[in-house]
A.B. asks: 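The following block contains the structure, expressed as structure tokens.
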Amino acid sequence: MLNLLEFPGHEMVVFAGDEESGLRAIIALHSTARGPAAGGVRLRPYRRVEDALHDVLELSRAMTLKNAIADLPLGGGKAVIIADPNRDKTEALFEAFGRAVDRLGGHYWAAEDMGVGPDDMAVVARTTRYVAGLPTGPFAGGDPSPVTAAGVFEGIKIALRHTTGSEALAGRTVAVQGLGHVGSNLCALLREAGADLIITDLNAALLAETQREYGVLAVSPEEIYTVQADVFAPCAGGGILNEATISRLNVRVVAGAANNQLETSACANHLANRGILYAPDFVINAGGIINVAAEILRVRNPDDYVTQKLNGLTATLDEVLGQALREGRSPLAIAEEIATRRIGQLPN
Ligand code: NAD
């Protein structure tokens, strides 16, 4: 049973329905202290409304931390659409979702997340202007996933430096969970840098195809938690790091793109106690929202803006990991402190 008292501080949570298109969505605005709330739309066949609500409340809170730590003039928000990506994705559904976003008058900006791509965002844009991650148009930033992957790639190198003394990837092994939009881009960067990969995905065809492409070791979704590697890079769903999976990990570093990787925040201490350096997800995966921010803010030189913000993010991750190791605390605690401080400050 979802305990709403565990979710203090959300500014607004909206249930949006449309009978004709079958839309059932929840939009959560966690904080607009730094600017309009921005965050992706996740489309999943949630079994229960409680599961969707839990997800959107957690994810929107993470967006507040993420946008603050990335030093963006944006607050935290997120949307979930309860639908099956293989069956229910229609233009009418996304148009109805856009109308719901539009009614919020710009307090929430939508972009893509799991189950949703740039083409879907283009349909949402027919009924609202408060949408980013568009494939075409004067300010279109396109799919944010390659920028997310670039940020994760830099983050992996920093985490390796803190644990091994070197950022070099040649001869290192990275276990990648999830080969979708971010995971596939990350695999390409890692291979190019000379890393060995161990890969997994629930989608057997995608797994086989990626294995053929790179000639690397493919394992089952369960095995990925036990393989010996330098880095585990979760790039699939959230909540995958719990007591059971952390106990089985055979790595020095956890650094990946997935949102809300820890089942509970206590898992950060479990990782630290096991000597595994954890790059907090909302720090290492903020590359995508930086790309989205350039589009929302209509900055004049988006490439320069994204590079400058990504460099700042990388420096912040370096600071978080360094401080955590010096003080013997979990990187999550340090990152939350920095982000919380920034929520109360005016954006640069
Ligand atoms: P995606 O839907 O394109 O890919 C996810 C992949 O993970 C799919 O191929 C799926 O089959 C696989 N998968 C799901 N559960 C799995 C499991 N238990 N074991 C193995 N494989 C599994 O999603 P994406 O856009 O690549 O995002 C991946 C994660 O990164 C998500 O948690 C997302 O919220 C987060 N994220 C994405 C971005 C972005 O720019 N796309 C930005 C920040 C965070």
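What you are looking at is a predicted structure, and each value in this text was computed from that prediction instead of being measured. Just follow the structure's listing: the first ligand is 1, and inside any ligand the first atom is 1.
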A.B. asks: Look at atom 5 (C) of ligand 1 and say which protein heavy atom is nearest, naming residue and atom and giving the distance to 0.1 Å.
C.D. replies: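 Result: C235 O, 4.0 Å.
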
A.B. asks: Please could you name the atoms of ligand 1 that L206 approaches to less than 4.0 Å, counting only its heavy atoms?
C.D. replies: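 Answer, ordered by atom number: 9 (O).
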
A.B. asks: Is there side-chain contact between P45 and I82, with at least one heavy-atom pair below 4.5 Å?
C.D. replies: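 No, side chains not in contact.
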
A.B. asks: Tell me the protein heavy atom at minimum distance from atom 23 (O) of ligand 1, and give that distance in Å.
C.D. replies: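 Looking only at protein heavy atoms, the one closest to atom 23 (O) of ligand 1 is M114 CG, 3.6 Å.
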
A.B. asks: Which residue owns the protein heavy atom closest to atom 42 (C) of ligand 1, what's the atom, and how far is it?
C.D. replies: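 Looking at atom 42 (C) of ligand 1, the protein heavy atom closest to it is T148 OG1, 3.3 Å.
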
A.B. asks: Have a look at E167 and tell me which of R172, K157, R161 forms a side chain to side chain donor-acceptor pair (under 3.5 Å) with it.
C.D. replies: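 The residue from R172, K157, R161 that satisfies side chain to side chain donor-acceptor pair (under 3.5 Å) with E167 turns out to be R161.
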
A.B. asks: May I ask you to list the atoms of ligand 1 that are less than 4.0 angstrom from any heavy atom of D113?
C.D. replies: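 So the atoms of ligand 1 that pass are 33 (C), 34 (O).
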
A.B. asks: Nearest protein heavy atom to atom 37 (C) of ligand 1, by residue and atom, and its distance?
C.D. replies: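 The protein heavy atom lying closest is V182 CG2, 3.7 Å.
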
A.B. asks: Run the contact test for R42 against ligand 1 with a 4.0 Å cut-off on heavy atoms, strictly below, and give the result.
C.D. replies: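 Yes, that is the case, since the closest heavy atom of the residue is under 4.0 Å from the ligand.
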
A.B. asks: Is it true that D18 and R24 make a salt bridge, defined as a side-chain N closer than 4.0 Å to a carboxylate O?
C.D. replies: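 Salt bridge absent between D18 and R24.
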
A.B. asks: Is ligand 1 under 4.0 Å from a heavy atom in the side chain of N285, in the backbone, in both, or in neither?
C.D. replies: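 Under 4.0 Å from ligand 1, N285 contributes backbone and side-chain atoms.
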
A.B. asks: Out of D143, N203, L202, D201, whose heavy atom sits nearest atom 11 (O) of ligand 1?
C.D. replies: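 Heavy atom nearest to atom 11 (O) of ligand 1 belongs to D201.
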
A.B. asks: Does a side chain donor of either Y46 or D55 reach within less than 3.5 Å of an acceptor in the other side chain?
C.D. replies: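 There is such a pair (donor and acceptor under 3.5 Å, judged by atom type) between the side chains of Y46 and D55.
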
A.B. asks: Looking only at non-hydrogen atoms, which of G180, A236, P221, S145 approaches atom 7 (O) of ligand 1 most closely?
C.D. replies: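 When every heavy atom of G180, A236, P221, S145 is considered, A236 comes closest to atom 7 (O) of ligand 1.
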
A.B. asks: Can H270 and E243 be counted as having a side-chain donor-acceptor contact under 3.5 angstrom?
C.D. replies: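 A donor-acceptor contact under 3.5 Å links the two side chains.
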
A.B. asks: Quick one: nearest non-hydrogen protein atom to atom 25 (O) of ligand 1, plus distance?
C.D. replies: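 The answer is H181 CB, 3.6 Å.
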
A.B. asks: Could you verify whether a donor N or O on one side chain and an acceptor N or O on the other, from Q228 and T173, lie under 3.5 Å apart?
C.D. replies: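 Absent: no donor and acceptor within the cut-off.
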
A.B. asks: Could you check atom 36 (N) of ligand 1 against the protein and tell me its nearest heavy-atom contact, residue, atom and distance included?
C.D. replies: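 Result: A257 O, 3.6 Å.
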
A.B. asks: Work out whether the distance between some heavy atom of G238 and some atom of ligand 1 is less than 4.0 Å.
C.D. replies: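 Under 4.0 Å: no for G238.
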
A.B. asks: Is it true that E336 and R341 have a side-chain N and a carboxylate O under 4.0 angstrom from each other?
C.D. replies: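 No, no charged N to carboxylate O under 4.0 Å.
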
